[in-house]
Amino acid sequence: MLTEAYSKKNKSKSFIWNEQVIHPEGCGCRMNRSHFLMLVEEFAKLRKKAVDWKVPVRLVQPFHWTCGAASYQRHILEKAQGTTSELIESSLLTAPAHDSNERKGRAESRKDRTRNGDGIDTLILNGRIFTGDSDHPWCQALAIRDGLVRATGSNEAMAELAAAETHIIDVGGRTVIPGFNDAHMHHTPDPYGVRLPVDPVANPSFEDIRPWIEEAVASTPVGTWIYATMGERLINDKRLDRLSLDPIAPKHPIIFLGMTNHTNVVNSAAMERLGIRDEEPDPLGGFFERLPGSRRLSGRINEYAQWSPQRCFASMATLEEGVASLHNLAAECVRWGITSVQNMSWTPPERYVEMAKAADLPIKLRVIRFPPTGPEGRILSEGRGLARHIGDRLEVHGTKWILDGTPIEGAAAIGRPYVPDSDNVGRENFSPSEIPHMLRESLGADEQLLLHAIGANTLESVLDALETSHHAVDWAERNLRIEHGDGLTKAQVARVKASGAMVVQNPTHFWFYDDGPVFSVFDGAFQSLLDAGITVGIGSDGPLNPFLNLLAAIQHPARPHEAMSIEGAVRAYTHGSAVAEGKGDSKGRLVPGFAADIAVLSQDIFSIDPQHLPATQSVLTLVDGTVVFRDACV
């Protein structure tokens, strides 16, 4: 029930929650999930139309979860259109059937279609279908039943499997591939605040962005968060600290997030909001930079020192903001033909799972634990109470540790000076003796282990640990992952193969490796991994567009001899990434018994000029045989 209240300060009408009321069955707070998500979509569209970058407005509002949400939503939309009507309790919308009933009905319907024989749900005909199978990589048509590919072959052979109720999709000769599986992502919903329009690729300086900070401060109430993503210049500009930010924004908390997620910068107001003490001790695996001659923090935070503060910042996003952000992510994914994502969020896993459950995404989401550390050591408890399988398309498993930084901030432990006459050789976040503990923990928890390792020295520590610990363990069977592995030497590649580890790469990073002496030490292992028989998966860890990643993969701008073929890159981005989540026997290929996760593409990526790859998108995306995206032109 909504009760009218009046603010003495601004004399405006508002609505407050009366917790004493027992809600009737028709209350808006009892609406089903699909109806709630419709409200989120409406408000998100309004948000995009209504404001410029410097006006902080929530994508959605807390009233979406309250009694009367539907009528309040209508009130907000009408207000935006200049036709405001009075909001009254009697306008509450009767809630439709509960979402659980809808799911049950759909499941029963599917059973009815197939329980009498082997009827096929869907046929995809007249395609140029890349199955991903090495022995039979191409076919014309495929048949789907109960979310799985049941048969592949010619149009004529598949057409014979059709029944009266079979849904037939003629793709008109288009290229069809398994849905992409983004194996390395850091999606994190933003909390309420102002995101400055900083393009990290354009790489602006502090002088370039200072006017934006000043404008955001002048345009927003005291206490409003101001944040941005830093490019290389800002990450490495030691002048950018709390002393330079405090005079511009004494009462607005500022957090600048490095595009590599290995260095952050905060001002004093943000330190107070995030609970960072002025002489905070360094946690294991990270460090705070200090003001000269003192223990006072400068506001520059590196490696694991940023984990807890960034988690605190991410946790400020409301459930509704998380749902809206996840829906925006899923909408992008299905448009690109991405059907699975493996995410390592800064949002604590319990909170992120709560958001994902409410969002009820059309894509498959794997949440990977990404724990912080403290001065006493690594924190192992985070997310341990979560069940592995939470729904048909949502699960939690795997733990990732960051063993060094990246070359962008000169923190990958390469073991030699980054530039001549420099003593910076990078640094390992943990001592080599800590890695065997990580291996034992993964075995004890029956949990996949993911190790971020870029520099040759860090990779040496990983390989030493694998070779000297647990000789009876088949690390290939355990799906042990090395994330990035950019600094692998030729000798180390052979050791990776012998260890049974696999590598998940991020091809758009290759563009950075062709820029000056900093990256000259990298062999840039990519095709050589496949040549050695090592499984390779692909994740974005940056721009989501998989076709941009494919372009980098088949060109490798820094090391052209390491470029993959387009077929090899697609296999890595689909089946390789499925292996990376322990599902190489059930997804990532369009062969009988595998998940019918499918993308029908706008152009033939196997024959076009590579420069046109980034313009590709999916015109039809299926997850478990169900259409989750159809382009309006199809």
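- Atom OG1 of Thr263 sits about 5.0 Å away from atom CD of Glu409, to the nearest 0.5 Å.
- Scored by the side chain to side chain donor-acceptor pair (under 3.5 Å) test, Thr373 finds no partners at all (sequence neighbours excluded).
- Take Asp182 and apply the side chain to side chain donor-acceptor pair (under 3.5 Å) test, not counting sequence neighbours, and it matches Ser540.
- Aromatic rings of Trp138 and Phe130 (six-membered ring for Trp) have centroids within the 6.0 Å cut-off, being under it.
- Counting only distance, with no hydrogens or angles, the side chain of Lys497 and the backbone of Gly533 share a donor-acceptor pair below 3.5 Å.
- Between Arg351 and Glu354, at least one side-chain nitrogen of the basic residue sits less than 4.0 Å from a carboxylate oxygen of the acidic one, meeting the salt-bridge criterion.
- Formation of a donor-acceptor pair under 3.5 Å by the Gln505 side chain with backbone atoms of His484 is found in this model.
- The pair Arg128-Asp604 meets the salt-bridge criterion, with a side-chain N (NZ, NE, NH1 or NH2) lying under 4.0 Å from an Asp/Glu carboxylate O.
- Taking the six-membered ring for Trp and thresholds of 30 and 60 degrees, Trp401 and Tyr304 have ring planes inclined between 30 and 60 degrees apart.
- For Glu460 (side chain) and Asn457 (main-chain N/O), no donor-acceptor pair under 3.5 Å exists by modelled atom type.
- Aromatic ring centroids of His452 and His184 lie 6.0 Å or more apart.
- The one candidate from Lys364, Arg388, Arg481, Lys587 that meets the salt bridge (Lys or Arg N to Asp or Glu O under 4.0 Å) condition with Glu581 is Lys587.
- At least one donor-acceptor pair closer than 3.5 Å links the side chain of Glu447 to the backbone N or O of Gly398.
- For Gln603 (side chain) and Gln617 (main-chain N/O), no donor-acceptor pair under 3.5 Å exists by modelled atom type.
- Between Arg369 and Glu382 there is no salt bridge, since none of the side-chain N atoms of the basic residue sits less than 4.0 Å from a carboxylate O of the acidic one.
- Put simply, the side chain of Gln492 gets close to the backbone of Ala456: a donor and an acceptor are under 3.5 Å apart.
- For an aromatic pair to be called close, the ring centres must be under 6.0 Å apart, and Trp307 with Phe370 satisfies this.
- A distance of 6.0 Å or more separates the ring centres of Tyr573 and Phe547.
- Checking side-chain atoms of Glu350 against main-chain N and O of Gly383 turns up a donor-acceptor pair under 3.5 Å.
- Under the side chain to side chain donor-acceptor pair (under 3.5 Å) criterion, Ser577 pairs with no residue at all, not counting sequence neighbours.
- The closest side-chain heavy-atom distance from Cys333 to Val341 is below 4.5 Å.
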